[in-house]
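The figures that follow rest on heavy atoms only: side chains count, while hydrogens, waters and symmetry mates do not. Bear in mind that the values here come from a model prediction, so they are computed numbers and not experimental data.
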Amino acid sequence: MLDPDEITAGLKTKRVGRRVLVYDSTSSTNDAAAEYARNKQNDGLAIFTEQQTAGRGRAGNKWLSNRADSILCSIVLTGNSLPTELLSLLCAVAVAEAVGRPARIKWPNDIMLSGRKVAGILLESKPCGACIIGIGINCHQKTDSFAVELQPIATSIDIETNSVTDRISLARRFLTSMDHWLELAAESGEKVVDQWRNLSIQLGHRVKLIYNGRQFAGNCIGIDPKKGLILQLDTGGIRMFDTAHSTIVR
């Protein structure tokens, strides 16, 4: 089981992970984090769990994981002033870096290894002004751990590295990377955008997406830290698509 003392031992973060909680089981780490988000003193709190009974992903999708197979974590930010799009980008960069090479980013919230999803991100804003960042990273799953329909598109670190992932080390790398990129983003979003470009699998390639129920297609030519993905549309013209209303068509 993940141990909060082992995760925080020697951790030199300024904000993220200064306090760590580990649940044996919870409905979802984002739900647990919401209970702490009302108190501004909980800024940077990291909540991990071994099992989620109602884990969720983006667009209402379920996030399924067997006990102790993954990193399931939420970060509470009570003092976030970053644009949602920029925060989404830096989260993807931080998770990709924690997973390690050759992890890449598929906008808006998927981390990929060998063309298959290994991690996902869910950002939720709360009425109190706090932001909760939910992270799921597949670690110990085998191919048959995934439903048949997911096996061609999902993977785990163990599958890709043919080894057993040290979840404590991965949790520490994630918290350190999140802390680092939040600090950089507070100074300037340019470094975040540059690193996203380096890790993106879509930049320079044709993309199809659904935006508010309509389908668009075009060449991905960049990212705007406030307005989202930038496409040179097949129909002509350039348009930006924000994270909240866009879904990439597989």
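K12 and D179 are not joined by a salt bridge, as no carboxylate oxygen comes within less than 4.0 angstrom of a charged side-chain nitrogen. A salt bridge does not link E6 with R172: every distance from a Lys NZ or Arg NE/NH1/NH2 to an Asp or Glu carboxylate oxygen is 4.0 Å or more. Salt bridge status for K14 with E183: present, with a side-chain N to carboxylate O gap under 4.0 Å.
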Show every donor-acceptor pair shorter than 3.5 Å between a side-chain atom in residues 119-130 and any protein atom, with sequence neighbours excluded, or say none if there are none.
residue, atom, partner, partner atom, Å
E124, OE1, N30, ND2, 3.0
E124, OE1, R56, NH2, 3.0
E124, OE2, R56, NE, 3.1
E124, OE2, R56, NH2, 3.1

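Separation of atoms CZ (R197) and SG (C220) is listed at 10.0 Å; rounding is to 0.5 Å.
In this structure the side chain of L2 reaches within 4.5 angstrom of the side chain of E50, judged on heavy atoms. In this structure, the side chains of S114 and T155 stay at 4.5 Å or more apart for every pair of heavy atoms. Annotation: side chain of T247 is not in contact with side chain of L209 (no heavy-atom distance under 4.5 Å).
When every heavy atom of L72 is checked against every heavy atom of G136, the shortest pair comes out as CD2-CA, 4.3 Å.
Among the candidates T243, D224, D242, I223, the single residue satisfying the side-chain contact (heavy atoms from CB on, under 4.5 Å) test with L229 is I223. Looking at T176, L175, L170 one by one, the single match for side-chain contact (heavy atoms from CB on, under 4.5 Å) with R173 turns out to be L170.
Side chains of Q195 and W181: a donor-acceptor N/O pair is absent below 3.5 angstrom, by distance only.
S156 contributes a side-chain N or O that, together with a main-chain N or O of I159, makes up a donor-acceptor pair within less than 3.5 Å.
The environment of CD in Q232 is crowded: more than 12 heavy-atom neighbours from other residues, nucleotides or ligands sit within 6.0 Å. Residue Q41 qualifies as open at atom CD: its count of foreign heavy atoms under 6.0 Å is 12 or below.
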Run the numbers on D158 and H140 for side-chain hydrogen bond (donor to acceptor under 3.5 Å, both in side chains), then give the verdict. CA-CA 5 Å; D158 283 10; H140 298 322; 2.8 Å; yes
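Taking the six-membered ring for Trp, F241 and F216 have ring centres closer than 6.0 Å.
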